[in-house]
K.L.:
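The structure follows.
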Amino acid sequence: MDLRHTIAQKISTALSQLDTTLTTDQVADMLEVPKTLDLGDFAFPAFQLAKSLHRSPVQIAQQLAPLVDADGLSKVEAKGPYVNVFLNQPVFAETTFKAILSDPEAYGSADVGQGGNVPIDMSSPNIAKPMSMGHLRSTVIGNALANIYSKLGYHPIKINHLGDWGTQFGKLIVGYKMWGSEEAVKENPIKNLLAYYVRFHKEDKDHPEMDDEAREWFRKLEDGDPEATKLWSWFREISLKEFQKVYDQLGVTFDSYNGEAFYNDKMDEVIDILESKGLLEKSQGADIVDLSPEGLNPALIRKSDGASLYMTRDLAAAIYRKRTYHFVKSLYVVGAEQKEHFDQLKAVLQRMGFAWADEIVHVPFGLITENGKKLSTRSGRIILLEKVLQDAVALAQKQVDEKNPTLANKKEVAHQVGVGAVVFHDLKNDRMDNFDFNLEEVVRFEGETGPYVQYTNARAQSILRKAGKTGADLVDAPALDDAGAWEVVRDLGNFPEMVTRAAKEYEPSVIAKYALRLAKAFNKYYAHTKVLTGDASQDSRLALVASVSAVLQSALALLGVGAPAEM
RNA sequence: GCGACAGUGGCUCAGUUGGAUAGAGCAAUGGUCUUCUAAACCAUGGGUCGCGGGUUCGAACCCCGCCUGUCGCACCA
């Protein structure tokens, strides 16, 4: 039984003495956490009882407070219409520190997932195009969710659903054959492949025959023509190698690179099923599934020329993932602009008789703009992720040189701080928030930022280093009795709940905000309390410091952000 | 036009899902390093929570209407 329910039970028992029956669960739901520390750690509002007891909430609170069994608590008092409950701080601190320090990895973990598979569709850049800030969002959100779900006992499967098929490959081949060379592509694959693509779009306006040619090459590719296939797989391979550089910097790995091409031979079955169930209709020459009963636009399954579409491919992918992974949940970390697509996808799967469609979850996120404008590869309005990371690391390097010139592994730290700033910035706000890109904002090191959290951890580590103790040495430290540390202690105790909430809401920002809250509380403590004084309570304070460091590291790890011991 | 998402200090955002006096960061001003890392801490100013109704003992949060912005709405993904 958790703390909330323990207290709820006490209150429930007390209420029965006032001839009121509320179950422990009901009381637990009503319990609030007051916004300021002087109002205690939990509060029970008496408003709702006023009617049935024919008394004012203030009176009820006054009568109820003395009836609550205060064993294990430090105080129960009525304040206005609330009964405020104060925890026994030293006891709570001791159990919390012990829980953290005896097994830091396990703290906040749970086995609710029981090893169930959770494929996560994420990142998904397009071959021959550079990765942009938009891909960063999908990548880091997906990665953080994978970490969070893993901590809760699920088995995430990170799938990079590459954009590696489509008519653009016809254009790419034509462009390459007209203007490209093997050397140029090898020298700078993405840049040059993109240049062919962009140039193609410029020139095909005056030379419509180029489009026919591109269509022809894509047709060849679909038919397995050796030359087309060879070029395609080369473009794919060489692009992937470029993407890998970014993933290495971010520290993100994948379990599968099955992209769009992978499903080429799996779409016929989808159409067969749809046909056999009589779901397909002709409309304006195309094959569709009418979703008007669901209040959705029709799902386009096959173009009038018989070619398949995005929807067809995603249906095949969804079914493949269910068969392969027997998932308990299937996540798609894809921009909010594709919401309707996923609504349609789920609706069609439902129509096909797949009840597991309910377990498909679109995890949408907001748009990144620049100067208020939407980014677009074709128009060249694009923020190169590689460049952003590069700039961030360079700025961090400058900062480290300035602040800590004698640091041994400056390069590594600069990398962790620079990349950490970018990743944290992307994860700290609600997924759905749109944001306008601003390099200075993204790579900020002060205030509510990733480096702030990293710095807090580095300070804590520094204290432990000076003391010559590790967390393991402090497991049995005596209880900390220091009202000034209470905010920190309480935050520490909240970590497990935050992990659960982040998973439930598919919202890494819950963890990022939590890390900021804990870091802020600790910095305040740090500024007011000297840890290494040599007195009898030193080990108790050190246990606090070690606990903070451990939890900050856990939180940063969940977000995919590094935690240097010094910076 | 229809639908989705959003609207909270000058700027960027929180607000534990309906509770006590609406909180942070940035920016501004002032203060704190001979003492564990000043990437920090402390203080001051700054608000009709888009607007109008409604539900409720109680609304930034729920319901209805309106305004503004963004995204989506058939053969791209």
Side-chain angles (χ1 to χ4, degrees), chain A residues 30 32-36 39 43 45 47-48 50-51 56-57 79-82 84 124 126 161 163 165-168 260 283-288 295-305 307-311 313-314 334-341 343 364 366-367 369 372 374 396 399-400 402-404 407 417 421 428-430 432-436 438 440-441 444-449 451-456 458-467 494 497-498 501 505 509-510 513-514 516-517 519-520 522-533 541-542 545 566-567:
Chain A
M30 291 167 75
E32 296 167 22
V33 178
K35 51 178 77 169
T36 54
L39 295 173
F47 302 102
Q48 289 176 43
K51 213 170 265 177
S56 76
K79 175 122 186 197
Y82 290 90
N84 291 335
S124 312
N126 295 317
H161 190 75
W165 202 253
T167 47
Q168 74 266 25
E260 293 167 7
S283 171
Q284 299 172 30
D287 291 300
I288 63 151
L296 294 166
N297 288 318
L300 267 166
I301 303 296
R302 207 153 46 176
K303 297 204 253 190
S304 31
D305 67 1
S308 63
L309 279 148
Y310 182 36
M311 181 60 69
R313 206 170 289 276
D314 261 7
V334 179
E337 66 271 18
Q338 292 193 41
K339 183 188 181 296
E340 179 152 26
H341 167 74
D343 287 346
L367 218 59
T369 53
K374 197 180 170 184
Q399 196 84 192
V400 174
E402 221 170 89
K403 308 258 179 192
N404 206 341
L407 196 62
V417 172
K428 86 171 167 183
N429 286 335
D430 191 298
M432 286 301 288
D433 286 355
N434 295 342
F435 81 87
D436 201 61
N438 175 330
E440 280 165 42
E441 193 69 36
R444 184 157 252 147
F445 301 134
E446 287 156 24
E448 296 177 327
T449 65
Y452 174 84
V453 179
Q454 292 174 319
Y455 177 70
T456 310
R459 284 174 127 189
Q461 281 294 314
S462 177
I463 295 176
L464 294 170
R465 218 166 25 243
K466 285 228 157 74
N494 282 332
E497 194 186 327
M498 292 300 130
R501 206 180 117 201
E505 297 173 9
S509 71
V510 168
K513 281 173 191 139
Y514 168 78
L516 286 170
R517 207 178 314 134
K520 205 174 290 184
F522 180 72
N523 276 321
K524 191 174 181 177
Y525 174 78
Y526 180 99
H528 297 287
T529 311
K530 173 98 176 146
V531 176
L532 301 175
T533 60
R541 287 192 300 272
L542 280 169
V545 174
E566 287 182 73
M567 63 185 272

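Chain naming here is simple, since letters A, B, ... match the order of the sequence lines and numbering starts at 1 in each.
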K.L.:
Within the pair A:Tyr310 and B:A77, is there a side-chain N or O less than 4.0 Å away from OP1 or OP2?
P.N.:
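It does not, given that no N or O in the side chain of A:Tyr310 lies less than 4.0 Å from OP1 or OP2 of B:A77.
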K.L.:
A:Ala527 has a side chain; which of B:C41, B:A38, B:U70 sits nearest to it?
P.N.:
B:C41
K.L.:
Would you please say whether a donor-acceptor pair under 3.5 Å links the side chains of A:Asn429 and A:Ser509?
P.N.:
no
K.L.:
Considering only side-chain heavy atoms of A:Met567, which listed nucleotide, B:U35, B:A24, B:A39, is closest?
P.N.:
B:A39
K.L.:
May I ask you to evaluate whether A:Lys403 reaches the phosphate of B:A39, defined as a side-chain N or O under 4.0 Å from OP1 or OP2?
P.N.:
yes
K.L.:
B:G23 and B:G9: how far apart are their P atoms, nearest whole angstrom?
P.N.:
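15 Å, rounded to whole Å.
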K.L.:
Could you grab the distance from atom NE2 of A:His341 to atom CG of A:Leu296, nearest 0.5 Å is fine?
P.N.:
12.0 Å
K.L.:
Can you confirm whether A:Gln48 is buried at CD, in the sense that more than 12 heavy atoms of other residues, nucleotides or ligands lie under 6.0 Å from that atom?
P.N.:
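Check fails, neighbour count at 12 or below.
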K.L.:
Which glycosidic conformation, syn or anti, is assigned to B:U32 if syn requires a torsion within 90° of zero?
P.N.:
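Anti conformation for B:U32.
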K.L.:
To the side chain of A:Glu448, which of B:A39, B:A24, B:U16 is closest?
P.N.:
B:A24
K.L.:
Tell me: CD of A:Gln168 to C1' of B:A77, nearest whole Å?
P.N.:
8 Å
K.L.:
Are A:Lys524 and B:C41 close enough that a side-chain N or O sits under 4.0 Å from OP1 or OP2?
P.N.:
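It does not, given that no N or O in the side chain of A:Lys524 lies less than 4.0 Å from OP1 or OP2 of B:C41.
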K.L.:
On a whole-Å scale, what distance lies between the C1' atoms belonging to B:C76 and B:C66?
P.N.:
36 Å
K.L.:
For B:C49, which nucleotide is its Watson-Crick or G-U wobble mate, given both distances must be under 3.5 Å?
P.N.:
none
K.L.:
Under 4.0 Å between a side-chain nitrogen and a carboxylate oxygen: does that hold for A:Arg501 and A:Glu497?
P.N.:
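Salt bridge: no.
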K.L.:
Is any side-chain N or O of A:Lys51 closer than 4.0 Å to OP1 or OP2 of B:C57?
P.N.:
yes
K.L.:
Of the nucleotides B:A38, B:C13, B:A20, which has the atom closest to the A:Phe435 side chain?
P.N.:
B:C13
K.L.:
Using the side-chain heavy atoms of A:Asp433, tell me which of these nucleotides is nearest: B:A14, B:C41, B:G15.
P.N.:
B:A14
K.L.:
Please state the C1' separation for the pair B:A38 and B:U34 - nearest whole angstrom.
P.N.:
15 Å
K.L.:
Go through B:A74, B:C36, B:G15 for me and flag the one nearest to the A:Lys513 side chain.
P.N.:
B:G15
K.L.:
Determine the Euclidean distance between corresponding C1' atoms of B:G69 and B:G54; express it in Å to zero decimal places.
P.N.:
26 Å
K.L.:
Are the charged groups of A:Glu448 and A:Lys520 less than 4.0 angstrom apart, N to O?
P.N.:
yes
K.L.:
Quick one: classify the glycosidic conformation of B:C33 as syn or anti, with syn meaning within 90° of 0.
P.N.:
syn
K.L.:
Counting only side-chain heavy atoms from C-beta out, which of B:C36, B:C13, B:G25 sits nearest to A:Asn429?
P.N.:
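Side chain of A:Asn429 sits closest to B:C13.
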K.L.:
Starting from the 5' end of RNA chain B, give me the residue, A:Gly80 or A:Arg465, whose nearest nucleotide shows up first.
P.N.:
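In this pair, the answer is A:Gly80.
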K.L.:
Quantified in whole Å, what is the C1' atom distance between nucleotide B:U12 and nucleotide B:G3?
P.N.:
29 Å
K.L.:
Take atom C1' in B:C67 and the same atom in B:G50, then report the distance between them in whole Å.
P.N.:
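About 7 Å, rounded to a whole number of Å.
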K.L.:
Let's see if you can work this out: which of B:A20, B:G72, B:G25 has an atom nearest to the side-chain heavy atoms of A:Lys520?
P.N.:
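Side chain of A:Lys520 sits closest to B:G25.
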K.L.:
In whole angstrom, give me the gap between the C1' atoms of B:A59 and B:U48.
P.N.:
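Comparing C1' positions in B:A59 and B:U48 gives a spacing of 15 Å.
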K.L.:
Please give the nucleotide sitting opposite B:U37 as a Watson-Crick or G-U wobble pair, both distances under 3.5 Å, or none.
P.N.:
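B:U37 is unpaired by these criteria.
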K.L.:
Heavy-atom distance under 4.5 Å between the side chains of A:Met432 and A:Pro364, does that happen here?
P.N.:
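Result yes, sub-4.5 Å side-chain heavy-atom pair found.
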K.L.:
Look at the side chain of A:Gln48 and decide which nucleotide, out of B:C57, B:C36, B:A39, has an atom nearest to it.
P.N.:
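Taking heavy atoms from C-beta onward, the closest nucleotide is B:C57.
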K.L.:
Checking base pairs now: Watson-Crick or wobble, both atom distances under 3.5 Å. What partners B:U17?
P.N.:
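B:U17 is unpaired by these criteria.
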K.L.:
For the P atoms, the ones on B:U29 and on B:U8, what distance do you get once it is rounded to whole angstrom?
P.N.:
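B:U29 and B:U8 have their P atoms separated by 26 Å.
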K.L.:
Can you identify which nucleotide, out of B:U16, B:U70, B:A77, has its nearest atom closest to the A:Leu309 side chain?
P.N.:
B:A77
K.L.:
Hunt down the Watson-Crick or G-U wobble partner of B:A24, both distances under 3.5 Å, from any strand shown, or write none.
P.N.:
B:U12
